[in-house]
Visitor: 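Starting off with a structure, shown below.
Given the structure is predicted, the values throughout are model-derived calculations rather than measurements. Every chain is numbered from 1, with letters handed out A, B, ... down the list of sequences. When reading the values below, keep in mind they use all heavy atoms of this one structure, side chains included, and skip hydrogens, waters and symmetry mates.
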Number of protein chains: 2
Amino acid sequence: MSKTETRKDEIIKVSAKLFKEKGYSAITMRDIAKAMNIKAASLYNHIKSKQDLLKIIIISIAEEFTIRMQEISSSESTSIEKLQKIISLHIDIAYHYPYRMGVLNNDWMHLEEELEYYLELRNSYEDNFRSIVESGIESGEMIDTNTEIIVFSILSTLRSLYLWIPKKEALKPEELTKNLTQVLISGIQND
Amino acid sequence: MSKTETRKDEIIKVSAKLFKEKGYSAITMRDIAKAMNIKAASLYNHIKSKQDLLKIIIISIAEEFTIRMQEISSSESTSIEKLQKIISLHIDIAYHYPYRMGVLNNDWMHLEEELEYYLELRNSYEDNFRSIVESGIESGEMIDTNTEIIVFSILSTLRSLYLWIPKKEALKPEELTKNLTQVLISGIQND
DNA sequence: AATCGAAACTAACAAATGTTAGTTTTTAAA
DNA sequence: TTTAAAAACTAACATTTGTTAGTTTCGATT
């Protein structure tokens, strides 16, 4: 069980929401402060800097993606099953952290110290994804189309989920997983 | 035949590239000036304001999308054929204006005067898309999955093309169209 | 050689921004 | 009730930012 939410956690949550809406660079410390009903200077009792806020928001979630992808990648499943698990992973994270996902997608280039590390995480993730698709094609589970196109197309959809999920609350995660699996996977699956 | 490129056109092109890389808010007029080897104040001999630059970059391309979508929508084709044309449309624009596409995708919310107009264009585009999918389901051309999910999934991929096309110059537009059509459409098509 | 518009320059501005230093208030435990 | 940490405040700072005003330079046409 995690501790009750600290003031710092609140600031991070509010910041992620604002960053997601207008982008990191467009949001000022005074914007964040106003959203919390305090003055900008007060933020610095809790956080180190604006840049640090960005780092916290992005790196935590990027690490979660990479770790869980590695688990999927090294699990005993068919390639198709692994793709299904990847879809579930993205849906799960997009449900829990829609704002952070937006910041990850659009503001990663404003990381400074941690930019290189972030890119390593992303590359690791994408390499795993590519390998799974390649295995699926080799084993005959999937049709033999250009690997890059399959990866790109599925990943584009999954990365955009954060934009879409908050608008469609009627749709339960399980329902969404089922439908998305059908749309994304049937097109590349052999019978 | 269009006139030779004016200085203003050059500025727009350079700005679009910079905006795409770091976002509208993160780019200063001095950044743009430096990329053109002039001083920031000199930019104002050619353009009205930074905001105007954003408007020019986004609105022109948003209008092109909407117009060409309307042509496709009102053409005499099956729904599947219309989807193929939409894919070609996105590939075509992403090839010609990869930077503008990036700005359109990520910085539309920084439009001020023209924000409402932009949203109208986008809604018109999406409504047409949705109608085409609905017709396809009704006519039995496409499988009867959740319309929203089909629209979301295809559109997410098409909207991300700008990120991907510049990296894969080996792939010819025709080749890309063929592959993408297969991956995106086969999964939702009835036999 | 003179002229004129296009396109560059220098200098400066007011406002906005991230951050700091130092101080006061709030909260809750002792 | 005292105390001490947590969390807020005011005031100010050095920079950065978009933009304007006025001037000079460049290139082509007369």
Side-chain angles (χ1 to χ4, degrees), chain A residues 2-59 99 103 106-115, chain B residues 2-59 99 103 106-115:
Chain A
S2 57
K3 287 204 210 80
T4 35
E5 202 178 47
T6 67
R7 203 77 176 112
K8 181 173 180 180
D9 294 332
E10 285 183 67
I11 293 174
I12 292 168
K13 198 159 72 179
V14 165
S15 301
K17 177 167 184 177
L18 294 177
F19 290 168
K20 180 257 173 187
E21 279 163 6
K22 303 201 153 195
Y24 173 74
S25 307
I27 296 297
T28 70
M29 296 305 280
R30 285 165 181 82
D31 290 334
I32 298 172
K34 183 164 272 178
M36 300 221 38
N37 287 310
I38 60 176
K39 301 288 172 181
S42 307
L43 293 168
Y44 289 84
N45 284 319
H46 308 279
I47 58 144
K48 227 175 67 192
S49 63
K50 189 189 180 194
Q51 179 67 206
D52 193 47
L53 222 32
L54 182 70
K55 172 192 117 188
I56 293 170
I57 291 170
I58 292 184
I59 296 295
Y99 303 134
V103 180
N106 298 314
D107 283 315
W108 59 266
M109 74 289 283
H110 297 118
L111 289 171
E112 292 170 1
E113 300 263 309
E114 308 81 6
L115 179 57
Chain B
S2 58
K3 289 205 210 80
T4 36
E5 203 179 46
T6 67
R7 203 78 176 109
K8 181 173 181 180
D9 294 332
E10 286 183 67
I11 293 173
I12 293 168
K13 199 159 68 179
V14 165
S15 302
K17 178 168 184 176
L18 294 177
F19 290 167
K20 181 257 175 187
E21 279 162 7
K22 304 201 150 195
Y24 173 74
S25 306
I27 296 296
T28 70
M29 296 306 280
R30 286 167 180 82
D31 290 332
I32 298 172
K34 183 164 273 179
M36 300 222 40
N37 287 311
I38 60 177
K39 300 289 171 182
S42 306
L43 292 168
Y44 289 83
N45 284 319
H46 308 279
I47 57 142
K48 228 176 65 192
S49 63
K50 189 189 179 195
Q51 179 66 206
D52 193 49
L53 222 32
L54 182 70
K55 173 192 116 188
I56 293 170
I57 291 170
I58 292 184
I59 297 296
Y99 302 135
V103 181
N106 298 313
D107 283 316
W108 58 267
M109 74 288 286
H110 297 119
L111 289 170
E112 292 170 1
E113 301 264 309
E114 309 79 7
L115 179 56

Visitor: Of the nucleotides C:dA8, C:dT19, D:dA8, which has the atom closest to the B:H46 side chain?
Guide: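 For B:H46, the side-chain atoms sit closest to C:dA8.
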Visitor: Between the base of C:dA6 and the side chain of B:N45, is there a donor-acceptor distance below 3.5 Å?
Guide: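 There is none.
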Visitor: From the list C:dA8, C:dT20, D:dA7, which nucleotide is the closest neighbour of the side chain of A:A41?
Guide: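 So the nucleotide nearest the side chain must be C:dT20.
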Visitor: Looking at A:Y24, is A:K50 sitting on its ring face, NZ or CZ under 6.0 Å from the six-membered ring centre and within 45 degrees of the normal?
Guide: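 Yes; both conditions hold, so A:K50 lies above the ring face of A:Y24.
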Visitor: The side chain of A:I38 lies closest to which of these nucleotides: D:dA8, C:dA8, C:dG18?
Guide: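 Shortest atom-to-atom distance from the side chain points to D:dA8.
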Visitor: Could you check which residues of residues 29-37 of chain B get a heavy atom under 4.0 Å from DNA chain C? Sort them by number, please.
Guide: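 Residues of residues 29-37 of chain B under 4.0 Å from DNA chain C: B:R30.
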Visitor: Using a cut-off of 4.0 Å on non-hydrogen atoms, how would the nucleic acid contact of A:T28 be classed: base, sugar-phosphate, or nothing?
Guide: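 Since only primed, P, OP1 and OP2 atoms lie under 4.0 Å of A:T28, the category is sugar-phosphate.
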Visitor: Closer to the 5' end of DNA chain C via nearest nucleotide, is it A:K48 or B:K39?
Guide: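 Of the two residues, B:K39 wins.
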Visitor: Within residues 10-18 of chain A, which residues have any heavy atom lying less than 4.0 Å from an atom of DNA chain D?
Guide: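 Of all residues in residues 10-18 of chain A, none places a heavy atom under 4.0 Å from DNA chain D.
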Visitor: Do the side-chain N and O atoms of B:S42 and B:N45 include a donor-acceptor pair separated by under 3.5 angstrom?
Guide: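 No, no side-chain donor-acceptor pair sits under 3.5 Å.
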Visitor: Rounded to the Å, how far apart are A:K8 NZ and D:dA5 C1'?
Guide: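 My rounded result for the distance is 17 Å.
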Visitor: Are any of the side-chain nitrogens in A:K55 or A:D52 under 4.0 Å away from the carboxylate oxygens of its partner?
Guide: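 Here A:K55 pairs with A:D52 in a salt bridge, since their nearest N and O are under 4.0 Å apart.
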Visitor: How far apart are the C-alpha atoms of A:E10 and A:K13, what are their side-chain angles, what is the distance that settles it, and do they pass the salt bridge (Lys or Arg N to Asp or Glu O under 4.0 Å) test?
Guide: CA-CA 5 Å; A:E10 285 183 67; A:K13 198 159 72 179; over 6 Å; no
Visitor: Let me know which of B:I38, B:I47, B:I27 forms a side chain to side chain contact (heavy atoms under 4.5 Å, CB included) with B:I32.
Guide: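 Answer to the side chain to side chain contact (heavy atoms under 4.5 Å, CB included) test with B:I32 among B:I38, B:I47, B:I27: B:I27.
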Visitor: Check whether any side-chain N or O of A:E114 sits under 3.5 Å from a backbone N or O of A:I59 as a donor-acceptor pair, and report yes or no.
Guide: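 Pair absent, no side-chain N/O of A:E114 close to backbone of A:I59.
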Visitor: Can you tell me which nucleotide in D:dT19, C:dT19, C:dA7 comes closest to the side chain of B:K50?
Guide: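 Nucleotide nearest to B:K50's side chain: D:dT19.
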Visitor: If you pin A:A40 and B:A40 to their nearest nucleotides in DNA chain D, which one's is more 5'?
Guide: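 Nearest nucleotide further toward 5': that of A:A40.
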